[in-house]
2 protein chains.
Amino acid sequence: MTVRLVDIAEHLGISVSTVSRVINGKDRVKDETRKRVLEAVEELQYRPNEIARSLRYQNSMTIAVIVPDLSNNFFNLLTKGAATAAKEDNYLTILCNSDYDQKMEQEYMNLLVQKQVDGVILATVCKEKDYFENIITDDMPVVFVDNLPDVDLDFNYVTIDNERAAYDLTAHLIQQGYEDIAVLTGSLHETSAVKRLQGWENAMKSHDMTINQQFIGVGDFRIESGYNMMASMLNRRKRPDAVLAANNYLAYGAIRAAQDKGLLIPDDLYVVCFDAVDKTGLININIPSIIQPAQKIGEVAAETLVKRITDKNYTLYDNIILEPIFKG
Amino acid sequence: MTVRLVDIAEHLGISVSTVSRVINGKDRVKDETRKRVLEAVEELQYRPNEIARSLRYQNSMTIAVIVPDLSNNFFNLLTKGAATAAKEDNYLTILCNSDYDQKMEQEYMNLLVQKQVDGVILATVCKEKDYFENIITDDMPVVFVDNLPDVDLDFNYVTIDNERAAYDLTAHLIQQGYEDIAVLTGSLHETSAVKRLQGWENAMKSHDMTINQQFIGVGDFRIESGYNMMASMLNRRKRPDAVLAANNYLAYGAIRAAQDKGLLIPDDLYVVCFDAVDKTGLININIPSIIQPAQKIGEVAAETLVKRITDKNYTLYDNIILEPIFKG
DNA sequence: CATTATTGTAAAAACGTTATTACAAGTTAA
DNA sequence: TTAACTTGTAATAACGTTTTTACAATAATG
């Protein structure tokens with residue numbers, strides 16, 4: 001049986017309130033009484049029941065992180081950063097893997113509201129307006145990461161400038177002299193996919209490059225998608241000589257497809273992408289890449305969220321754009 | 001302001017208990033009353049407060065997963081599997097990243113007890129006896145994964161047979177004709193490190209191979225450790241011609257060290273290890289490997305934990321050894 | 001018609017905290 | 001010495017549920 005406040009009180013023959021006051025240290029208690037209480041707490045191994053405390057205080061000291069896929073490097077780093085930073089502020093973190101499924105994401109959101117979590121870090125898989133009118137309320141603070149909702153409402157987010165990063169990568173390709181530049185991106189329900197596509201398009205246009213509709217691949221952010229899209233591009237008569245992949249998995253798939261067709265990387269197809277971090281150190285293909293500070297994004301998101309939770313005056317507009325690094 | 005049971009009751013001019021009975025469907029209510037309640041629930045957007053429910057029911061419908069490092073592929077797959085399976089059983093999952101730090105792990109355990117989580121999946125970083133006498137109690141169910149405590153107490157776990165797997169890998173090396181076989185393993189505070197070392201040793205002995213103490217490397221499970229240990233082995237006059245690495249990161253580090261010395265893999269150093277899953281498809285070095293079913297381990301651990309939580313008669317001895325696959 | 005079942009609802013107690021209010025005892029000031 | 005403060009503690013009312021007990025009103029039985 002677990003030890004409650006009243007057990008300590010009975011054990012010492014004093015009232016519950018006195019014990020509580022000792023433990024919370026908010027009010028004055030005679031030194032001798034305090035000492036006896038602390039000893040009893042130690043002896044009986046009393047641990048305050050956080051559930052009861054939450055009910056009383058109307059907060060749960062818990063946040064949640066919703067990500068599409070925890071086995072994706074970007075998301076597990078982000079999650080790790082968030083959980084670590086949250087812990088610093090005495091929050092525990094509930095993990096939700098939405099599996100790239102909007103319905104599951106929504107279901108988690110509802111569960112979390114009932115669970116009275118104090119806030120959510122959301123890497124959503126859907127940018128559509130109507131979906132968010134229920135989510136962005138004053139009831140529960142949400143900080144968006146990676147993908148942002150496409151609404152006029154105010155909301156907090158932590159991200160990089162995806163459009164600019166994609167622009168820079170594309171400009172890099174153009175400067176190197178590539179002419180038939182393709183792009184592979186994820187689902188257009190996700191703003192990261194859209195922004196990166198736009199960055200590519202803007203760079204192409206502002207450098208007077210011709211945009212070949214055949215060279216625009218829209219799929220999802222997984223490796224198979226990259227493989228399939230590139231394989232079908234390479235089946236055509238006119239092949240791209242370079243490609244911007246909107247994330248590392250698309251790039252890996254694309255490279256695989258090219259290699260399976262007997263092409264050489266980067267001679268026959270030059271690939272650049274986002275987030276190609278080689279954790280093994282064994283990949284000898286060079287994939288120039290914009291690396292998002294994933295763990296940092298998670299940390300900053302958690303810190304931002306905690307600010308919003310604890311400080312009602314925290315400015316909604318105070319959003320954060322982090323700088324990625326270029327590795328080529 | 002959030003809507004409570006009593007708000008619905010007042011809105012309809014009936015008692016709280018009736019509303020509660022409709023929502024929980026446990027007792028009979030007049031059809032018309034039920035209908036009115038359900039409409040009001042919809043209209044006022046009532047969502048039961050899970051905190052209050054937890055206090056009443058004395059359970060939180062929450063489990064926790066403690067892992068050393070979420071950015072390690074094995075652990076993020078495990079965590080993903082656990083969270084997904086837990087969700088199936090209506091449990092949410094709190095994520096704790098211990099950062100390979102026993103103190104932090106312990107700290108998390110204490111927090112989780114206070115938080116009244118219903119159970120914990122623990123990938124501990126310490127096997128030592130005394131540490132666990134507080135942890136393995138009847139108070140809170142724990143299911144161990146990856147590393148097991150080194151105690152006589154009964155506890156639940158889900159794992160592969162590490163010793164046998166290491167034995168098999170080593171035997172594989174011996175059969176291929178390698179003679180100077182090294183081993184790299186993690187901290188001996190972790191049973192996975194110990195068991196894999198023992199498997200190597202047993203295989204060597206039972207095949208009458210000479211065990212060179214210089215060829216035994218004990219560090220931690222991270223890539224730098226693999227690099228450093230292998231680098232120092234390769235600095236000696238007598239070099240190994242093959243090595244068993246106790247996980248993929250050790251292997252990557254070792255390969256890197258060999259390559260930096262100008263050696264060729266696998267010609268000059270044949271490397272086998274645990275869990276070398278190439279998510280990129282771009283690694284063209286073949287690393288024969290025993291692959292643990294990481295996600296499955298997480299799923300089974302969560303299912304086992306839920307069984308222990310809900311069914312007090314669930315046999316403590318009913319533990320699970322999953323089969324890894326060999327990929328070479 | 002009187003008695004016994006059945007059905008629907010309400011009131012209250014509990015889960016374990018904490019904050020507010022109240023009050024006794026001790027201390028200082030007039 | 002009486003009035004006004006301090007100081008330490010107790011009792012109580014929340015926080016939002018659910019379950020138990022009790023009691024009406026209605027229906028079924030003799």
Side-chain angles (χ1 to χ4, degrees), chain A residues 1-38 40-41 44-62 90 111-118 139-140, chain B residues 1-38 40-41 44-62 90 111-118 139-140:
Chain A
M1 190 49 198
T2 63
V3 181
R4 301 159 302 161
L5 225 38
V6 60
D7 297 317
I8 307 266
E10 276 172 10
H11 182 251
L12 295 175
I14 62 178
S15 87
V16 190
S17 20
T18 305
V19 183
S20 171
R21 288 202 323 282
V22 169
I23 286 164
N24 296 288
K26 300 222 167 178
D27 211 344
R28 59 208 123 61
V29 178
K30 212 202 303 188
D31 276 352
E32 195 218 326
T33 317
R34 164 175 293 112
K35 210 176 127 227
R36 287 176 59 216
V37 169
L38 291 177
V41 162
L44 303 183
Q45 294 245 48
Y46 169 73
R47 300 256 165 266
N49 180 324
E50 273 293 326
I51 295 278
R53 225 170 186 170
S54 290
L55 184 60
R56 177 64 232 240
Y57 279 137
Q58 298 288 80
N59 70 15
S60 61
M61 296 308 282
T62 306
N90 294 312
L111 277 175
L112 294 168
V113 170
Q114 295 193 196
K115 205 87 173 188
Q116 312 292 113
V117 298
D118 298 331
D139 289 359
M140 193 173 60
Chain B
M1 191 49 196
T2 64
V3 181
R4 301 158 302 160
L5 226 37
V6 60
D7 298 318
I8 307 264
E10 276 172 9
H11 182 251
L12 296 175
I14 62 179
S15 87
V16 189
S17 21
T18 304
V19 183
S20 171
R21 288 202 324 281
V22 170
I23 286 164
N24 295 287
K26 300 222 168 179
D27 211 344
R28 58 205 125 61
V29 178
K30 211 202 305 187
D31 275 352
E32 195 218 325
T33 317
R34 162 175 295 111
K35 209 176 128 228
R36 287 177 61 219
V37 169
L38 291 177
V41 162
L44 303 183
Q45 294 245 50
Y46 170 72
R47 300 255 166 267
N49 181 324
E50 273 293 327
I51 295 277
R53 225 170 187 169
S54 290
L55 184 59
R56 175 64 233 238
Y57 279 137
Q58 298 286 82
N59 70 15
S60 61
M61 296 308 282
T62 306
N90 294 311
L111 277 175
L112 294 169
V113 170
Q114 295 194 195
K115 205 86 173 188
Q116 311 292 113
V117 297
D118 297 331
D139 290 358
M140 195 173 58

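Per chain, numbering begins at 1; letters A, B, ... match sequence-line order.
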**Student:** Under the side chain to side chain contact (heavy atoms under 4.5 Å, CB included) rule, collect the residues that match up with B:Leu55, sequence neighbours excluded.
**Tutor:** A:Ile51, A:Ala52, A:Leu55

**Student:** Within this structure, what is the CZ-to-P distance between B:Arg34 and C:dT7, rounded to whole angstrom?
**Tutor:**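 Those two atoms, CZ and P, are 13 Å apart.
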
**Student:** Please check this pair: side chain of A:Lys115 against backbone of B:Met61, looking for a donor-acceptor N/O pair closer than 3.5 Å.
**Tutor:**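 Such a contact is found between A:Lys115 side chain and B:Met61 backbone.
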
**Student:** Under 4.0 Å, counting only non-hydrogen atoms across every strand here, what does B:Thr33 touch: a base, just sugar-phosphate, or nothing?
**Tutor:** sugar-phosphate

**Student:** For A:Asp31 and D:dT9, what is the distance between atoms CG and C1' respectively, to the nearest whole Å?
**Tutor:**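 From A:Asp31 CG to D:dT9 C1': 15 Å.
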
**Student:** With sequence neighbours excluded, what pairs up with A:Leu44 under the side chain to side chain contact (heavy atoms under 4.5 Å, CB included) test?
**Tutor:** A:Val3, A:Ile8, A:His11

**Student:** Can you tell me how far P of C:dG16 sits from CD of A:Gln58, to the nearest Å?
**Tutor:**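 Atom-to-atom, A:Gln58 to C:dG16, this comes out as 18 Å.
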
**Student:** Applying side chain to side chain contact (heavy atoms under 4.5 Å, CB included), can you list everything that pairs with B:Leu38, at least two apart in sequence or on another chain?
**Tutor:**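 Partners of B:Leu38 by the side chain to side chain contact (heavy atoms under 4.5 Å, CB included) criterion, ordered by chain and then number, come out as B:Val22, B:Arg34.
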
**Student:** Report the distance from atom CG of A:Asn24 to atom C1' of C:dT17, rounded to the nearest whole Å.
**Tutor:** 9 Å

**Student:** Is B:Thr18 touching bases, backbone alone, or none of the nucleic acid, heavy atoms closer than 4.0 Å?
**Tutor:** sugar-phosphate

**Student:** Taking side-chain hydrogen bond (donor to acceptor under 3.5 Å, both in side chains) as the definition, give me every residue that meets it alongside A:Ser54, ordered by chain and number, with sequence neighbours left out.
**Tutor:**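 For A:Ser54 there are no side-chain hydrogen bond (donor to acceptor under 3.5 Å, both in side chains) partners, ignoring immediate neighbours.
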
**Student:** Round to the nearest Å and state the distance from B:Arg53 atom CZ to C:dA14 atom C1'.
**Tutor:** 17 Å

**Student:** In whole Å, I'd like the distance from the CD1 atom of B:Ile14 to the C1' atom of C:dA11.
**Tutor:** 14 Å

**Student:** Could you list the residues that satisfy side chain to side chain contact (heavy atoms under 4.5 Å, CB included) with B:Arg53, not counting sequence neighbours?
**Tutor:** B:Asn24, B:Pro48, B:Glu50, B:Tyr57

**Student:** Strictly below 4.0 Å: does A:Ser20 bring a side-chain N or O up to OP1 or OP2 of C:dT18?
**Tutor:** yes

**Student:** CD of A:Glu10 versus P of D:dA10: gap in Å, rounded?
**Tutor:**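 Atom CD in A:Glu10 sits about 13 Å away from atom P in D:dA10.
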
**Student:** Given C:dT17, C:dA10, C:dC15, which nucleotide is nearest the side-chain atoms of A:Asn49?
**Tutor:**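 The nucleotide sitting nearest to the side chain is C:dT17.
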
**Student:** End-to-end bend of the helix from C:dC1-D:dG30 to C:dA30-D:dT1 (five-pair axes, 10° rounding)?
**Tutor:** 60°

**Student:** Quick one: does B:Arg36's side chain have a donor or acceptor within less than 3.5 Å of a partner on B:Leu12's backbone?
**Tutor:** yes

**Student:** Need to verify one output field. Residue with the more 5' nearest nucleotide on DNA chain C, B:Ser17 or B:Arg56?
**Tutor:**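 Result: B:Ser17.
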
**Student:** Any idea which of C:dG16, D:dT9, C:dA10 is nearest the A:Leu55 side chain?
**Tutor:**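 Nearest listed nucleotide: C:dG16.
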
**Student:** Can you measure B:Tyr46 atom OH to D:dG16 atom P for me and round it to whole angstrom units?
**Tutor:**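 It works out to 10 Å between those atoms.
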
**Student:** Identify which nucleotide among C:dT18, C:dA10, D:dG16 has an atom closest to any side-chain atom of A:Tyr57, counting heavy atoms from C-beta outward.
**Tutor:**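 Side chain of A:Tyr57 sits closest to C:dT18.
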
**Student:** Base, sugar-phosphate, or nothing for A:Ile51, non-hydrogen atoms under 4.0 angstrom?
**Tutor:**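 Counting heavy atoms under 4.0 Å across all strands, no contact is made by A:Ile51.
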
